Structures are given as C-alpha cells and as structure tokens.
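To start, the structure under review is shown below, and the notes come after it.
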Amino acid sequence: MSGRGTAPSYSCACFFNDNIFIEEYQLHVRFTDVQQFTRDYQKALQSRGCHGAEKFAQLLETVKKEVQRRMTLAEESIRRKAEISLYYKPLHPEVYVLQECFLAEEFLEAVRFCESPNASLEGLLNHLYSIPGKRIYCFSIFVPQFCRDFVEELEHFEKSHLEKGRPNTMNNYGVLLNELGLDESFTTPLREKYLRPLASVLYPDWGGGCLDSHKAFVVQYSVDKDLDLSCHYDNSEVTLNVSLGKEFTDGNLYFSDMREVPSNERRYTEVEHTIGHGILHRGQQVHGALPITSGERWNLIIWMRASSIRNKLCPMCNKEPQLVETAGEGDGFTMIKKEDGGETVDVCTVI
C-alpha cells in the first residue's frame, strides 16, 4: 500500500506516451503516433547523431515498445508481487518490519526535534548537513548492521528465479520494494513517522507536511552493470536517496537547479554519498550519479508524493492533470472536487 488505503488509483495520458526519455540522445519525447513523433523529433534526433532512416526506424520501434510496456505496467507489477509473496522465502525476515534499532541515533534526534514545540528550520540545521544554496540535506539514517542485512536480503532475492520489475525507466538493475512486500511494514512507517516530520520543516512549500504516498525502490550500480545515472528529475515532491553499500569508489551524486532553469544556466554541485547516510532533496531538482570506478553500490530511493501539490500540476508533463484510472497504487494523485461543487475533476500521474 502507498498510504491511502483502498482508494482508487490513477494514471493519465502522459503516463503512457509523454516524457519518454531517450538516454542515448539525452532527449525527453512524447509519442501519440508515427506522424507526430517524426514531425516533432526527427530533426532534433538527427542533430544529436540519429542519422539514417534505418536508425530512426529502430528508435521509433523502441519508443513504441516503451508505450506498450507502460500500458501493462501496473498489472504486471501486481502479478509479480503475488508470485513473490507465494514463492519467495526471505533470508532476513526481520528487515521487512521497520524497527527503531535500524535507525541512527542522530537521525532520531533530528526527528524528535521536528516534533517538539521548538521546531524550526534554523534549529533543525544543527542536526543535518546542508548544501549551501541548494536546499539539499545530508544525515546518517541507518545503522551499519541494518545496511549489511538489507543488502544481503536484496542479493538473496536477486539470485531467486522469480521475475523482477525494473525500478524505473532509467535504472536497469534493482528491486521495487512494494513487489518485495516492504511497503506496508517498512516504507510507509518510515515515511509517515520519521521522514514526514523532517520534510514538514525543510520543505513546507513542497508539501513536506502532507506527504501521503510514495514509490520506493533500490538501484544497483557495478562495473559490469549500470555505472552511473544520467541527469534527470524525479516524479516526486521530495526524494530520499540512501547509500546502503557495499564497497565502491567514486560515484558521487551531483545536483543542479530546479528543472525550469535552462540547461545552459545550471550550476552543479557534487555530493559524496557514504554508506548509511541519506540525501534529502526536492524531486524536481535536476540531479544524477557519476560513474563508480570499482566495486558495487546499492541505493535506496524513496519518491515521496503530496497529493495536495500534484493534484494542481502534474510534475512530469507540467500540465493540469488528466486522470485515467489504473490498477495498482498509482502515482500519488487523488480525486478532487470543483470549487463550485460540481463534478469531480480528473487528475493524472506519470511514472
């Protein structure tokens, strides 16, 4: 569950055919039909190295397959989750239920401060490391033993014969935590009891105090798999990125400005990612991960959503949301009523 009980979930047209990122050419595209795609993107793709009719046709087929994949994404995830629940035997069942002993004492102190009558941004910054001018915050969150056990559990699952879903369209290796059965007992209480108090002080203008759903996944980087992550922004209001391990060199994260800042005006800052530490940032802040040069790294990512914010504007297509009901948990949008008391207004989501 994503924290909203049994309420219906929704996706929108932009989920299926908008905001498809073509990593090879560093281009976000939308697809409705071949004519539209050719008209809108052929010249841009040619300028980025997609030369020749054959190459363009191959790319077009890739985009069409991605659209079809998105059409069945929710149903496939539900199917995988059911199979995992039926056939998978955890190595460390204790990590599936959040316990306070998993959490670093300095993190707990920061949360307690946020819940106190004296809570303030200035006071909270005494408990966190702040990146100047970026509204990015770093802090220890998990104890080392939990990180080791959690990574061992993920590796154990990876070795199973069961089908795994991709974390998102940019990461090829990792685990969707809802499919593994971690949402209700681990991720939701982590968001509601610990992360939301922090976000309410740090990001009140981004719905930090009313984060009501999430998408959580773990991504894996290694020298023979994904090395890095291209520049992008998240489908979230607030994102937590935690380094779980194992041993690796390089691979710092880098952050720029918010996505509306033109690319030629952005200024980047590198942030070192150490095991057990989390980095909290606004989802619409442009960021990426530099290549690791040795070893293996696992990162826990939680995209936290506030329906009160995204109901007004889809964070991915940047338009007024248009709703399509979908299977599964949706992407953090809820039904809202018109101010005049009329019919329900449709709202949307994207991956």
Side-chain angles (χ1 to χ4, degrees), residues 2-4 98 103 107 110-111 113-115 119-121 124-125 127-131 133-142 167-168 170 177-178 183 186-219 229 231-243 253-261 269 271 273 277-289 299-316 318 321 329-334 347 349-351:
S2 57
R4 294 197 305 279
L98 182 65
L103 305 173
F107 174 64
V111 174
F113 174 80
C114 292
E115 295 174 328
S120 67
L121 176 60
L124 179 56
L125 294 183
H127 297 271
L128 311 172
Y129 175 69
S130 174
I131 307 300
K134 293 291 187 182
R135 297 185 71 183
I136 300 168
Y137 306 98
C138 307
F139 47 89
S140 178
I141 180 168
F142 293 124
N168 53 65
M170 297 181 71
L177 295 194
N178 71 310
D183 252 11
F186 183 90
T187 317
T188 295
L190 179 63
R191 168 176 55 82
E192 293 182 343
K193 187 175 181 180
Y194 300 100
L195 296 174
R196 189 162 58 193
L198 284 179
S200 67
V201 177
L202 297 172
Y203 304 112
D205 51 335
W206 284 89
C210 50
L211 299 171
D212 51 5
S213 67
H214 61 262
K215 177 179 179 179
F217 51 94
V218 174
V219 295
L229 186 61
C231 199
H232 67 285
Y233 52 87
D234 299 336
N235 181 9
S236 70
E237 277 63 67
V238 180
T239 292
L240 175 70
N241 186 325
V242 184
S243 177
L253 304 187
Y254 59 91
F255 292 86
S256 180
D257 303 286
M258 301 301 281
R259 64 172 177 145
E260 60 264 22
V261 176
T269 299
V271 181
H273 217 181
H277 283 68
I279 297 174
L280 204 64
H281 64 91
R282 292 164 291 175
Q284 301 297 289
Q285 191 160 16
V286 176
H287 60 285
N299 283 58
L300 168 64
I301 314 293
I302 305 178
W303 289 349
M304 294 179 280
R305 283 95 177 241
S307 59
S308 62
I309 300 295
R310 57 183 43 222
N311 283 352
K312 300 172 185 176
L313 193 72
C314 175
M316 302 304 282
N318 205 33
E329 299 169 359
D331 291 271
F333 295 78
T334 58
V347 294
T349 70
V350 291
I351 189 170

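Remember, it's a predicted structure, so these values are computed and weren't measured experimentally. Keep in mind that the numbers below use all heavy atoms, side chains included, and drop hydrogens, waters and symmetry copies.
Taking all atoms of both residues into account, the shortest heavy-atom contact from His214 to Asp183 is NE2-OD1, 3.1 Å. Nearest heavy-atom pair across Ala216 and Ile302 is CB-CG1, 4.2 Å. A pairwise comparison of heavy atoms in Tyr203 and His281 identifies OH-CA, 3.4 Å as the closest pair. Of all heavy-atom pairs between Lys134 and Thr269, the closest is CE-OG1, 3.4 Å. Taking all atoms of both residues into account, the shortest heavy-atom contact from Leu198 to Cys114 is CD2-SG, 3.6 Å. The two residues Ile131 and Cys138 have their closest heavy-atom pair at CD1-SG, 4.3 Å.
Arg310 places no side-chain N or O within donor-acceptor distance of the main-chain N or O of Pro321, the cut-off being under 3.5 Å. In this structure, Lys215 contributes its side chain and Arg305 its backbone to no donor-acceptor pair below 3.5 Å.
Evaluation of the salt bridge (Lys or Arg N to Asp or Glu O under 4.0 Å) test over residues 278-287, restricted to residues two or more places apart or in two chains, returns none.
With rounding to the nearest 0.5 Å, the separation of OH in Tyr254 from NE2 in His287 is 9.0 Å. Rounding to the nearest 0.5 angstrom, the gap separating the CZ atom in Phe142 from the CG atom in Leu190 is 5.0 Å. Annotation: the span from Asp234 atom CG to Met316 atom CE amounts to 7.5 Å, rounded to 0.5 Å. Taking CG of Leu177 as the reference point, atom CG of Leu300 lies at 6.0 Å (rounded to 0.5 Å). Note that CG of Leu124 is 9.0 Å distant from CZ of Phe139, once rounded to the nearest 0.5 Å. For the atom pair CG of Leu280 and CD1 of Ile136, the computed distance is 10.0 Å after rounding to the nearest 0.5 Å.
Contact check for Leu211 versus Trp206: no side-chain heavy atoms found under the 4.5 Å cut-off. In this structure, the side chains of Ser120 and Val201 stay at 4.5 Å or more apart for every pair of heavy atoms. Between Ile141 and Leu240, some side-chain heavy-atom pair lies under the 4.5 Å cut-off. For the pair Phe107/His127, no side-chain contact is recorded, criterion being any heavy-atom separation below 4.5 Å from C-beta on. Taking 4.5 Å as the limit, some side-chain heavy atom of Leu98 sits within range of a side-chain heavy atom of Tyr194. A heavy-atom distance below 4.5 Å is found between the side chains of Gln284 and Pro315. By the 4.5 Å heavy-atom criterion applied to side chains, Phe333 and Ser307 are not counted as neighbours. For the pair Gln285/Arg259, no side-chain contact is recorded, criterion being any heavy-atom separation below 4.5 Å from C-beta on.
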When you look at Leu202 and Leu128, which way does the side-chain contact (heavy atoms from CB on, under 4.5 Å) test go after all the steps?
-> CA-CA 11 Å; Leu202 297 172; Leu128 311 172; 3.9 Å; yes
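Applying the side-chain contact (heavy atoms from CB on, under 4.5 Å) rule to Ile309 yields the partners Glu237, Ala306; only residues at least two apart in sequence or on another chain are considered. For His273, the side-chain contact (heavy atoms from CB on, under 4.5 Å) criterion is met by Asn241, Ser243, Leu253, Ile279, Arg297, Asn299, not counting sequence neighbours. Among residues two or more places apart in sequence or in another chain, the side-chain contact (heavy atoms from CB on, under 4.5 Å) test is passed with Leu313 by Asn318. For the side-chain contact (heavy atoms from CB on, under 4.5 Å) test, residues two or more places apart in sequence or in another chain that qualify with Ser140 are Ala104, Glu106, His277. For Phe186, the ring pair (Phe, Tyr, Trp, His ring centres under 6.0 Å) partners at least two apart in sequence or on another chain are Phe146, Phe150.
Note: Phe217 and Trp303 have perpendicular aromatic rings, judged against thresholds of 30 and 60 degrees for the angle between ring planes.
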